[in-house]
Amino acid sequence: MGGDNQKRGMISGLSPLLLLFNLIIFTSARHDHKSPSSSPSPSLPVYNPPDNYLIDCGSEQRTQLEDGRTFKSDPETTSFLQSTENIKTSVDSISLNDSSAPLSTFPLCRTARIFSENSIYTFYITQPGRHWVRLYFYPLPHPRYNLTDAVFSVNADKLVLLHEFSARDNSRVVFKEYLINITGERFFLWFKPDKGSCSFINAIEVVSVPDSLISDSASTVPSGGTIQGLSNYALQVLYRLNVAKKASRLGEAKQLLVMAPPPLFQPH
């Protein structure tokens, strides 16, 4: 259960077709970092996402990150949450040795929402299409719930994003990033604790993606073939590699995203 079972589930549950990787270059709407000697270049157009849900779960006030984004507080976003509980936890600071999340997002991990039963976030979609869905997990202390022992699943509509997931290491933030084609007017995120356990979430992003970010076809690895109809797939970011000389914060540089469909799990 937890991390080891999750990896085994990814391997056993994926069909050969779904082991195809999608490699794309992601260019932010912000300026790329340039060295002082670089010649000036025209700035990229600013993209204003029609849907831009940023939630700092469990926080009593808004959180502004160094990259300029502002995450809304828990009281501001209660209308999105369907739950009979109101369990939160927070700390003044966290000490981390490692993280899959960008350094600038660490302030989001000082608070969390906890659920001992199935709970749902509902997001109303202004413009259907591809959206980033980003989830932040860091097991904070709580007097009743031990979040390092929490085992739960996360569903996005009919997709299983995480199955029997756990975040047992309290020295690192677990950051999950997906690219999902949302076709309806509402988008649901389900948090489902295992029996006798709980689930938790530190922060959530549901943000529109420009149509031009990904084409509808891509070359496959390692066969060198082509796969069509990528808009029908939900993709998970596996690696984010900076390809600019200087890049520090999420979305500020040209980056190579190595993506694949989320794991499909089969009963053991």
Asks: Are Tyr136 and Glu205 close enough that a side-chain donor and a side-chain acceptor fall under 3.5 Å?
Replies: yes

Asks: In chain order, what residues pass the ring-ring contact (aromatic ring centres under 6.0 Å, His included) check against Phe80, with sequence neighbours excluded?
Replies: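 Phe80 satisfies ring-ring contact (aromatic ring centres under 6.0 Å, His included) with Tyr53, Phe123 once adjacent residues are dropped.
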
Asks: Okay, side chain of Asn202, backbone of Thr111: is any donor-acceptor separation there less than 3.5 Å?
Replies: yes

Asks: So which of Thr70, Asp56, Thr105 actually passes side-chain hydrogen bond (donor to acceptor under 3.5 Å, both in side chains) with Thr63?
Replies: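 Passing option: Asp56.
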
Asks: Please tell me whether Phe152 and Phe165 form a close aromatic pair, meaning their ring centres lie under 6.0 Å apart.
Replies: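 Yes, ring centres under 6.0 Å apart.
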
Asks: Okay, side chain of Tyr178, backbone of Arg134: is any donor-acceptor separation there less than 3.5 Å?
Replies: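 Checked: no pair found.
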
Asks: Any side-chain to backbone donor/acceptor pair from Ser166 onto Arg168? Under 3.5 Å, distance only.
Replies: no

Asks: Give, for atom OG of Ser119 and atom CD1 of Ile114, the distance between the pair rounded to the nearest 0.5 Å.
Replies: 11.5 Å

Asks: Using side-chain contact (heavy atoms from CB on, under 4.5 Å) as the criterion, list what pairs up with Pro75, not counting sequence neighbours.
Replies: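 side-chain contact (heavy atoms from CB on, under 4.5 Å) check on Pro75 returns Glu60, Ser73.
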
Asks: Under 3.5 Å, is there a donor-acceptor pair linking the side chains of Gln82 and Thr122?
Replies: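 Thr122 and Gln82 do have a side-chain donor-acceptor pair below 3.5 Å.
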
Asks: Do you know which two heavy atoms are closest between Phe187 and Ile180, and how far apart they sit?
Replies: CZ-CD1, 4.3 Å

Asks: Are any of the side-chain heavy atoms of Leu135 and Val154 separated by less than 4.5 Å?
Replies: yes

Asks: How far apart are the closest heavy atoms of His131 and Gly129, and which atoms are they?
Replies: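 Closest heavy-atom pair between His131 and Gly129: ND1-O, 2.8 Å.
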
Asks: Might you point out which heavy atoms bring Pro141 and Thr89 nearest each other, and give the distance in Å?
Replies: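 Shortest heavy-atom contact: O-OG1, 2.6 Å.
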
Asks: Taking atom types as modelled, is there a side-chain donor on Asn52 or Ser208 under 3.5 Å from an acceptor on the other?
Replies: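 On atom types as modelled, these side chains do not qualify, holding no pair under 3.5 Å.
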
Asks: Do you know which two heavy atoms are closest between Asn118 and Pro193, and how far apart they sit?
Replies: OD1-CD, 3.6 Å

Asks: Any heavy-atom pair between the side chains of Phe175 and Tyr138 that's under 4.5 Å?
Replies: no

Asks: With side chains defined as the heavy atoms from C-beta onward, is the minimum distance between Ile201 and Phe137 less than 4.5 Å?
Replies: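 Side-chain contact under 4.5 Å: yes.
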
Asks: Measure up the Phe115 and Tyr121 rings against each other and bin them: parallel (under 30°), tilted (30 to 60°), perpendicular (over 60°).
Replies: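 Rings of Phe115 and Tyr121: perpendicular, as their planes differ by over 60°.
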
Asks: Do Lys176 and Leu162 have side chains that approach each other closer than 4.5 Å (heavy atoms only, starting at C-beta)?
Replies: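 The answer is yes; the side chains approach within 4.5 Å.
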
Asks: Does anything in residues 102-126 form a salt bridge (Lys or Arg N to Asp or Glu O under 4.0 Å)? List the pairs, not counting sequence neighbours.
Replies: Asp74-Arg113

